[in-house]
Protein chains: 4
Amino acid sequence: MPNAELVRKRREQILKGASKVIAEKGYQETNISDIAKELGIGHGTFYRYFDNKRHIAEQVLSYAVDQVTQLIVDVDPEAANTILDYENQLKEIGSRLFDFFNNNRELAQVFFFEAYGVDRDLTTKLQEVIELFGTYVERYLQNGCQKGYLLQDLDIEITARAINGMIFAGVLRTFQKNNGEVERDRWIKSISALMLSGMAA
Amino acid sequence: MPNAELVRKRREQILKGASKVIAEKGYQETNISDIAKELGIGHGTFYRYFDNKRHIAEQVLSYAVDQVTQLIVDVDPEAANTILDYENQLKEIGSRLFDFFNNNRELAQVFFFEAYGVDRDLTTKLQEVIELFGTYVERYLQNGCQKGYLLQDLDIEITARAINGMIFAGVLRTFQKNNGEVERDRWIKSISALMLSGMAA
Amino acid sequence: MPNAELVRKRREQILKGASKVIAEKGYQETNISDIAKELGIGHGTFYRYFDNKRHIAEQVLSYAVDQVTQLIVDVDPEAANTILDYENQLKEIGSRLFDFFNNNRELAQVFFFEAYGVDRDLTTKLQEVIELFGTYVERYLQNGCQKGYLLQDLDIEITARAINGMIFAGVLRTFQKNNGEVERDRWIKSISALMLSGMAA
Amino acid sequence: MPNAELVRKRREQILKGASKVIAEKGYQETNISDIAKELGIGHGTFYRYFDNKRHIAEQVLSYAVDQVTQLIVDVDPEAANTILDYENQLKEIGSRLFDFFNNNRELAQVFFFEAYGVDRDLTTKLQEVIELFGTYVERYLQNGCQKGYLLQDLDIEITARAINGMIFAGVLRTFQKNNGEVERDRWIKSISALMLSGMAA
DNA sequence: TATGAATGAGCTTTCATTCAT
DNA sequence: CATGAATGAAAGCTCATTCAT
């Protein structure tokens, strides 16, 4: 096995182990030796692959963010031509997000909670990612307004972030209740309904 | 002044100073002596009013939560009889929340970020508060359904949390952008619009 | 006791204890906890008075250098008018140096050996002190040439350092052999003889 | 090439590399991997030729000491019959020493500084070498007294070490100022002058 | 009641050394 | 014979907490 490949593999192993321990104990309560113990390696080995404790937290978050980002990039914000198209897109992305965080509970824990306990920089980084999601949703709304199936006077900037707020609230709640399928569809349905027609009788 | 009153006052002073320092430096980066220095007291004095570092964090969060809770308790979830009443209630509560977090930036910082950096227990506590807000919003929706101005088949439990997600997203974003008034009204308007009629053309 | 006075006293106590331990075990082999143990204090206390391990080494050396410098500053390089005056000055300073290092063996150990084991900076600092001694001896020679009792064509710069070399060699050797009085006078006599008339028959 | 020869050669290569790195960074600051990197070998290889870090320091010093010793062993302390002979011997040995340390700066650095940073044992070893030089100079003086060209009542033991002190002071200073030729001759001349006739007018 | 000097548990990190490949 | 991945002893340092004054 070429050396670079081994390094990549080891790094990933440690990343996995660290995610698990951090998700379980919390970042501050996690010692490097906890991670080492989890992996059955000497704690000195950890430092061969990561600079320091901060570094692993950053990498775990980066990994989570990358994975989440992968979930949405292949859906084209300009693809929908009717409100029905859009609703389907919504349901598709929603399903992916809900499923991802429910199937990757450790990453979810880090994404939603632990990152804030590391330091200001990482908190900021996470906020930037959420903001990125905001701009992404903006593009969907933009498209809807242009195509005419969304209200012309929509406050796109704000509405995009509001929608994001609902989605993250839902993802977080199903993650916490750990009742996967059960609530997932109710959330997707409720969010879609609110977005498309509101709740007035 | 009775002794107990003096103690209460001192406790509050320390709470204020601690809020400020924690909001500025972050919980983990805050030393007890930083708080003492901020207040011009000996750091031993701190321990006469709070058990330990954890305790002050808990108190700061409790204080923030109490304040926020005060903002909504005097609005009666059963008061609205028409969708217009409800819209006005919504706008009232929204305004209060936006204003509160913008005018109490230190508490906002603790509420939105620092609490997660303390430990699992406090994170859980914060989640419970948010859940409480969820049940509160449920009552508004319940009332709307009963009175007939909201959709009969509304998924109340989920929708309530979705609305909360929007509100907190908005409050957090205006707090972070620190542009108070400017975006506040756009958020309230956008959220109300989504809730009541959605965004379909 | 005023606070500043207490701090000064404590610092001095620690300095003494550190000198002892460093002289006994060597700088590298000395742990902060060794110093603390020697003094019967907690090792955290050490850090209330000194920034870090490096700091104490620097202070110990500084202290030694100050003490040694005190030994020579009150002898006026311009005071001697005859070669006999000069010889007496020589014997006076020599006696002081020999006695000092024999009576302050811990400082001697640090001065002659340990300082080099700390780092480049401290080594340089020590070299600068020795150079300072060189310039000081130069002034004696300068005076002797001007007054006419020393050779007119003396290479003052070099000769001054050569004399220093003899003195330090002697001080170091009597320190190491720890035979104080016994060799001291032989050294002073031999160095004086060499300086004044050489050893040719 | 016989195996033993290969080993000898490798050992010497590593010794050279180690000397360089130790002289550059200082013994304590030098890692085994620094030495390996310098030589372009794996750091495990180092341990095939030297027992441990301490061992290489010892060997580097031994090597330096051997080289220096080589410089003086071929001059016969009993060869000089007149004070002029002796003066020439002096100048010969002086020149060699000055040149050696100026042309082997890495060894000089180790000899004068780094050896003290290793441990007590090595420091002692170095002191023994210097003492050896002392006994060697003694033999020259002994010869001079016997032959009658040096003072009969010379304190040979002490004077020998005093002379050594001058020589090492000079060698060290020219090494540090790195001005080779320029000061070398002034030192040799000044030391000779002091030794033979002193500096009285 | 207020103080801050003293404390040491407990952490992160380094790096000489080993040994399987 | 050469390598470098793995290791863990060992050290410096921080800071929440205590308690004598």
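Below, each value reflects all heavy atoms present in this structure, side chains not excepted, and no hydrogens, waters or symmetry copies. Proteins get letters first, then strands, A, B, ... in listed order; numbering begins at 1 in each.
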Whole angstrom value for the distance that separates [atom2] of [N] from [atom1] of [X]:
X      : N       : atom1 : atom2 : answer
R48(D) : dT17(E) : CZ    : C1'   : 14 Å
H55(B) : dA16(F) : NE2   : P     : 16 Å
Q13(A) : dA5(F)  : CD    : P     : 14 Å
Q28(C) : dG12(F) : CD    : P     : 10 Å
I14(B) : dA2(E)  : CD1   : C1'   : 11 Å
K37(A) : dT12(E) : NZ    : C1'   : 14 Å
Y27(B) : dA16(F) : OH    : P     : 8 Å
L6(A)  : dT3(F)  : CG    : P     : 18 Å

Assert yes or no for the condition that the ring centre distance of Y116(D) to F113(C) is strictly below 6.0 Å.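 They qualify: ring centres under 6.0 Å apart.
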Check whether N104(D) reaches the backbone of L107(D) with its side chain - one donor and one acceptor, N or O, closer than 3.5 Å.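 Flag not set: sc N104(D) to bb L107(D) has no pair under 3.5 Å.
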Contact between L122(A) and L126(A) at the side-chain level, heavy atoms closer than 4.5 Å - yes or no? no
For a quick test of reading the model: is some side-chain N or O of N31(C) closer than 4.0 Å to OP1 or OP2 of dA10(F)? no
Among dT3(E), dA5(E), dT12(E), the nucleotide that comes nearest once only the side chain of T45(B) is considered: dT3(E)
Which part of the nucleic acid, if any, lies within reach of Y49(C) when heavy atoms closer than 4.0 Å are counted: base, sugar-phosphate only, or nothing? sugar-phosphate
Would you indicate what R10(C) reaches in the nucleic acid, counting non-hydrogen atoms under 4.0 angstrom: base, sugar-phosphate, or nothing?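 Sugar-phosphate contact only - R10(C) comes under 4.0 Å of backbone atoms but never of a base.
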Closest nucleotide of DNA chain F for G44(B) versus for G44(C): which of these residues is on the 5' side?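 The 5'-side residue here is G44(C).
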By nearest nucleotide on DNA chain F, pick out whichever of H43(D) and E29(B) is the more 5' one. H43(D)
Could you tell me the Watson-Crick or G-U partner of dA2(F), where both distances fall under 3.5 Å? Say none if there is no partner. dT21(E)
Nucleotide opposite dC11(E) in a Watson-Crick or G-U pair, distances under 3.5 Å: dG12(F)
With nearest nucleotides of DNA chain E determined for S33(D) and Y47(A) from heavy-atom distances, which residue corresponds to the more 5′ nucleotide? Y47(A)
Most 5' of G40(C) and N52(A) on DNA chain E, judged by nearest nucleotide: G40(C)
Pairwise distance CG(L172(D)) to CZ(F101(D)) - rounded to 0.5 angstrom: 9.5 Å
Taking the six-membered ring of Y47(C), is the NZ or CZ of K53(C) close enough (under 6.0 Å from the centre) and on axis enough (within 45°)? no
